[in-house]
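To keep things clear, I will list the structure first and then write my remarks on it.
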Amino acid sequence: MPEGHLIHRHAREQHRAFAGRRVRAASPQGRFDARPYGGRLVEGVEAVGKHLLYHFDGGPAIHVHLGMRGLFLRYDDPATQPRRGTRLRLATDEVAFDLIAPSRCETMGGEQVAALRASLGPDPLRGDADRGVAVRRLAAFTGPVGAAVLDQGVWAGIGNAWRAELLFLAGLDPDARDVGAEAAGRLWDVAVRHLALGRDAGQVVSDPAAPDERWVYKRETCRRCGTAVRTWTLAARTAYACPLDQPAELGRLAR
DNA sequence: CGTCCATGGTTAG
DNA sequence: TAACCCTGGACGC
């Protein structure tokens, strides 16, 4: 379930719990060597796109990627027994966070962290994201915009649900190519605004007035105009779009 | 209760 | 392109 907005939400919550504190670390499941981290001082927890980084004082970081099935469980009583299959537990005297079924949970040194950062495009939820770089990378992508936004090297943190809703909000057909700088900038601004709403709400927020609703994602008909939503496979995932509100030519015209 | 699918990404083929 | 990964929800029987 986790796209970038939820990863940032986890980072913020766990940063508050762990930063500046020493933690207990364990891998009840045994698939991660947590021993080097026990008693270590946490410098901070940050999100980069869909990646989580736990930084420790004077040692390598922990890199976590939840993939599609990973999740965190929070226990406000850190004495609670971890459930079966818990890959990693980090805890203070006040709270424990358990990591279940991540696609990645590994030690990562400084060079690897730098390489990870370099592999990712601007993240709309990071204050250090460069809008100019974001616009240039999207405009330079050779292929449909619906493939570009899922490419984490173009923009980091967008997943399939946000692809559908952000392209709707920007009025862009996912199949559109060469959308141009103006449309790219419009899409970026929509992403910055809505991902922040989603991070704060803990879910995809397509319409702040109706936070549980979507415009096209997993819908039969467009929530705005009632037209049948078109679904097809784009970049190996199901794309959703309204043929009326996301006309094929709009991206080009806006250029 | 079993099956299928998915808000992801890597790796093997 | 497919399979995989110690998941969860929806849905069918």
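Please read these numbers as outputs of a predicted model, since none were measured by experiment.
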inquiry  = Say we look at C:dC5 and B:dG13: how far apart would their P atoms be, to the nearest angstrom?
reply    = 14 Å
note: A:D151, atom CG; B:dT10, atom C1'; distance rounded to Å ~ 14 Å
With sequence neighbours left out, the residues meeting side-chain contact (heavy atoms from CB on, under 4.5 Å) with A:E46 are A:V48, A:L53, A:H55, A:R117, A:R126
The correct set of residues in residues 233-242 of chain A placing a heavy atom under 4.0 Å from DNA chain C is none
Taken in chain and number order and not counting sequence neighbours, the residues that satisfy side-chain contact (heavy atoms from CB on, under 4.5 Å) with A:R12 are A:R16, A:R199, A:D200
At under 4.0 Å, does any side-chain N or O of A:R104 touch on OP1 or OP2 of B:dT11? yes
For A:Y54, the ring pair (Phe, Tyr, Trp, His ring centres under 6.0 Å) test, sequence neighbours excluded, returns none
Residue set satisfying side-chain contact (heavy atoms from CB on, under 4.5 Å) with A:Q81, at least two apart, ordered chain then number -> none
When rounded to the nearest Å, what value does the distance between P atoms of B:dT7 and C:dC11 take? 15 Å
A:L52 CG to B:dG9 C1', in whole Å, measures 15 Å
A:W162 vs A:H5 aromatic rings, parallel, tilted or perpendicular, using cut-offs 30° and 60°? perpendicular
Q: Answer with yes or no whether the hydrophobic clustering places A:I158 together with A:W215; edges join I, L, V, M, F, W, Y residues whose side-chain heavy atoms lie under 4.5 Å apart.
A: yes
* **Rounded P spacing from B:dC4 to C:dA2 in Å** => 16 Å
The complete set of salt bridge (Lys or Arg N to Asp or Glu O under 4.0 Å) pairs with one or both residues in residues 226-238 of chain A, sequence neighbours excluded, reads A:D173-A:R230, A:D175-A:R230
Atom CZ of A:R9 and atom C1' of B:dT7 are separated, to the nearest Å, by 15 Å
In whole angstroms, the gap separating C1' of B:dT7 from NE2 of A:H5 amounts to 8 Å
Students should find that the hydrophobic cluster of A:W232, defined by side-chain heavy atoms under 4.5 Å apart, otherwise consists of A:L234
Residues at least two apart in sequence or cross-chain that pass ring pair (Phe, Tyr, Trp, His ring centres under 6.0 Å) with A:H15, listed by chain then number, are none
A:R69 CZ to B:dC4 P, in whole Å, measures 15 Å
Residues in residues 154-162 of chain A with a heavy atom under 4.0 Å of DNA chain B, by number, are A:G159, A:N160, A:A161
Rounded to whole Å, the NE2-C1' distance (A:H65 to B:dT11) equals 15 Å
Hits for ring pair (Phe, Tyr, Trp, His ring centres under 6.0 Å) against A:F97, two or more places apart or cross-chain, chain-then-number order -> A:F18
A:H10 NE2 to B:dG8 P, in whole Å, measures 13 Å
Applying ring pair (Phe, Tyr, Trp, His ring centres under 6.0 Å) to A:H10 and not counting sequence neighbours gives A:F72
From CG of A:L116 across to C1' of B:dG8 the rounded distance in Å is 14 Å
Expected list for residues 194-222 of chain A near DNA chain B, using heavy atoms below 4.0 Å, is A:Y217, A:K218
Taking C:dG8, B:dG8, B:dT7 as options, the one with an atom nearest any side-chain atom of A:L71 is C:dG8
*In terms of hydrophobic clustering (I, L, V, M, F, W, Y; side-chain heavy atoms under 4.5 Å; direct or indirect links), are A:L41 and A:V23 co-clustered?*
no
